[in-house]
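Note sheet for the following structure.
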Amino acid sequence: MDAIATPGMWKRTLWQCLAFAALLLSAYLFVPLAPFIALTLPLIVCPAYEQGDEWFALLLPLAPALAFVLAGGDLVIGVLLLLCPYLCLLFAALGRRRRMPFHTSIALAAAAFLLSALGLLLRLTDLLGSPLFTQLSNTVITAIQQSSMSGSILYRLAQVGFLPIPDAYANSIAWQFGNLILISPALKQELLNMLRLRLTEGFSTLIPSMLVQGALIIGLFTALLTARTRVRKSEKPTLAPAFRALNLSRREQGYMLLLCVITLFTAFSSQSFYSLLSSLTYAGFATVYRLLGAAVFVFLLSRRHPERKVLYGFLAALLYLVMPIVLFVLGITDQFIHLRAIRPNHHKEEL
């Protein structure tokens, strides 16, 4: 028994060492990816912990943090990269000792993601010495100004309607030389100022929205993978939670209604705080129903072909990126019509 188990254990350890080395090398060569790797690590370390690979789960989060520091990154950010995976591991350990509701596991993992991401943003703001969104837009504007294609970039943005041409410059002429487009310095400065404002507004909406979406998605799939691994390791036969069965209870539907009301009441405010609050609540509301729509999408398609559920999950993820409004409408509709409860009618031919 031991002679058979030992080679398998060595192979498993070897693969884990290779995974650690690959993650370390990737984060070292592509330093900006280190925070994204760290924030998504709960998808790997929590199921590994439930599988019994405690040491692998505890050591893997060190890879992106160590790579970030070795590449010359800020030490505080390197420490913050450990926060999300280790908090999720703590919640997984608590969940092993004391069973907690599935939706509570999602909320805890999402909270760990948000706490870590907010810590990273606050530290980045402190390092930049100015408001993050403003600094990001200034960085983009500086890069455009220093580019030889600055006139071409601004011309294309104006051509597609992203930057309107002021009336005072309506009769301005642009000169094209191959791929280069030259515009008057006054118009160029005006367009750069407008682009700076647009980027600041866009970053102030996009980044909080991405944080909320990332927290809910990582929280959901971390809880799903961890629960399924726990069920497989358990001696008692229990039903593992499935993504396609994702649904909201009555109380959770009330929370979603509250988010909708807050979004509506804060959407028309000109104050920055209420504008940010509206963006956050809308992102949370929309993401939840997009994920519910994706669950309905996978459920309906895999009803006849359950062996293709992975393919349908990939299609749902693609649809989430390309046309999320379809999943949003599907998720909202399912709350009223219960699409997954509708059974298709199969008419048998009479012989």
Side-chain angles (χ1 to χ4, degrees), residues 35-36 39-43 46 84 87-88 91 101-118 120-121 201-227 241-267 274-300 312-336 339-340:
F36 298 99
L39 290 172
T40 55
L41 271 183
L43 297 172
C46 289
C84 181
L87 276 178
C88 289
F91 297 146
F102 177 64
H103 287 188
T104 302
S105 301
I106 298 175
L108 290 175
F113 181 99
L114 277 179
L115 184 63
S116 180
L118 288 175
L120 291 172
L121 289 180
E201 293 174 357
F203 285 136
S204 62
T205 302
L206 178 63
I207 293 178
S209 174
M210 290 180 63
L211 289 184
V212 173
Q213 291 188 58
L216 290 174
I217 292 172
I218 297 299
L220 170 63
F221 285 100
T222 297
L224 276 174
L225 294 172
T226 304
F243 173 72
R244 59 184 181 276
L246 188 67
N247 210 337
L248 295 178
S249 64
R250 289 288 184 183
R251 177 181 296 180
E252 291 159 349
Q253 288 177 350
Y255 294 153
M256 291 300 103
L257 179 61
L258 179 62
L259 283 181
C260 181
V261 171
I262 294 174
T263 302
L264 291 175
F265 274 95
T266 56
Y274 292 112
S275 178
L276 177 61
L277 181 61
S278 177
S279 299
L280 292 174
T281 53
Y282 174 74
F285 178 81
T287 303
V288 167
Y289 282 104
R290 287 169 188 167
L291 291 171
L292 288 171
V296 174
F297 179 84
V298 174
F299 180 90
L300 295 178
Y312 298 144
F314 174 78
L315 292 177
L318 187 62
L319 196 59
Y320 186 97
L321 295 174
V322 178
M323 294 185 66
I325 186 64
V326 175
L327 297 180
F328 179 77
V329 172
L330 199 58
I332 290 287
T333 305
D334 183 64
Q335 302 305 303
F336 296 97
L339 297 173
R340 283 172 284 192

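Count residues from 1 along the sequence.
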* Partners of Tyr289 by ring pair (Phe, Tyr, Trp, His ring centres under 6.0 Å), sequence neighbours excluded? ->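 With sequence neighbours excluded, Tyr289 shows a ring pair (Phe, Tyr, Trp, His ring centres under 6.0 Å) to Phe285, given in chain and number order.
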* Does Phe243 have any ring pair (Phe, Tyr, Trp, His ring centres under 6.0 Å) partners at least two apart in sequence or in another chain, and if so, which? -> Phe221
* **Listed partners of Ser279 passing side-chain hydrogen bond (donor to acceptor under 3.5 Å, both in side chains), at least two apart** =>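 In terms of side-chain hydrogen bond (donor to acceptor under 3.5 Å, both in side chains), with neighbours along the sequence ignored, Ser279 is linked to no residue.
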* **Set of side-chain hydrogen bond (donor to acceptor under 3.5 Å, both in side chains) partners for Thr281, sequence neighbours left out** =>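 Thr263.
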Return the set of residues passing side-chain contact (heavy atoms from CB on, under 4.5 Å) with [X] (not counting sequence neighbours), or none when no residue passes.
X: Val212; value: Leu216, Leu280, Ala283
X: Arg251; value: Ser249, Tyr255
X: Leu118; value: Leu211

Return the minimal non-hydrogen interatomic distance between [X] and [Y], and the atom names on each side.
X: Arg290; Y: Tyr282; value: NH2-OH, 4.4 Å
X: Leu39; Y: Ala117; value: CD2-N, 4.3 Å
X: Ala242; Y: Leu224; value: C-CD2, 4.1 Å

Check: [Y] and [X] side chains under 4.5 Å, non-hydrogen atoms:
X: Leu259; Y: Val288; value: no
X: Ile262; Y: Leu277; value: yes
X: Asn247; Y: Arg340; value: yes
X: Leu87; Y: Ser116; value: no
X: Leu292; Y: Asp334; value: no

Distance in Å, [X] [atom1] paired with [Y] [atom2], rounded so as to fall on 0.5 Å steps:
X: Ile217; Y: Thr222; atom1: CD1; atom2: OG1; result: 11.0 Å
X: Leu248; Y: Leu246; atom1: CG; atom2: CG; result: 7.0 Å
X: Ile332; Y: Met256; atom1: CD1; atom2: CE; result: 10.0 Å

* What side-chain hydrogen bond (donor to acceptor under 3.5 Å, both in side chains) pairs are there with at least one residue in residues 318-329, not counting sequence neighbours? -> Gln213-Tyr320
* To do: Take Leu43 and Leu225 through the side chain to side chain contact (heavy atoms under 4.5 Å, CB included) test and state the conclusion after the steps.
  => CA-CA 7 Å; Leu43 297 172; Leu225 294 172; 4.3 Å; yes
* To do: Using atom types as modelled and distance alone, determine if a side-chain donor or acceptor of Ser204 lies under 3.5 Å from a backbone N or O of Glu201.
  => yes
* May I have all residue pairs that pass salt bridge (charged side-chain N to carboxylate O under 4.0 Å, His left out) and include part of residues 204-215, sequence neighbours excluded? => none
Contacts under 3.5 angstrom, residues 322-329 side chains, donor-acceptor by atom type, not counting sequence neighbours:
none

Side chains of residues 103-112: which donor-acceptor pairs under 3.5 Å do they make with residues two or more places apart or in other chains?
{"residue": "His103", "atom": "ND1", "partner": "Glu252", "partner atom": "OE1", "Å": "3.1"}
{"residue": "His103", "atom": "ND1", "partner": "Glu252", "partner atom": "OE2", "Å": "2.2"}
{"residue": "Ser105", "atom": "OG", "partner": "Pro101", "partner atom": "O", "Å": "3.4"}

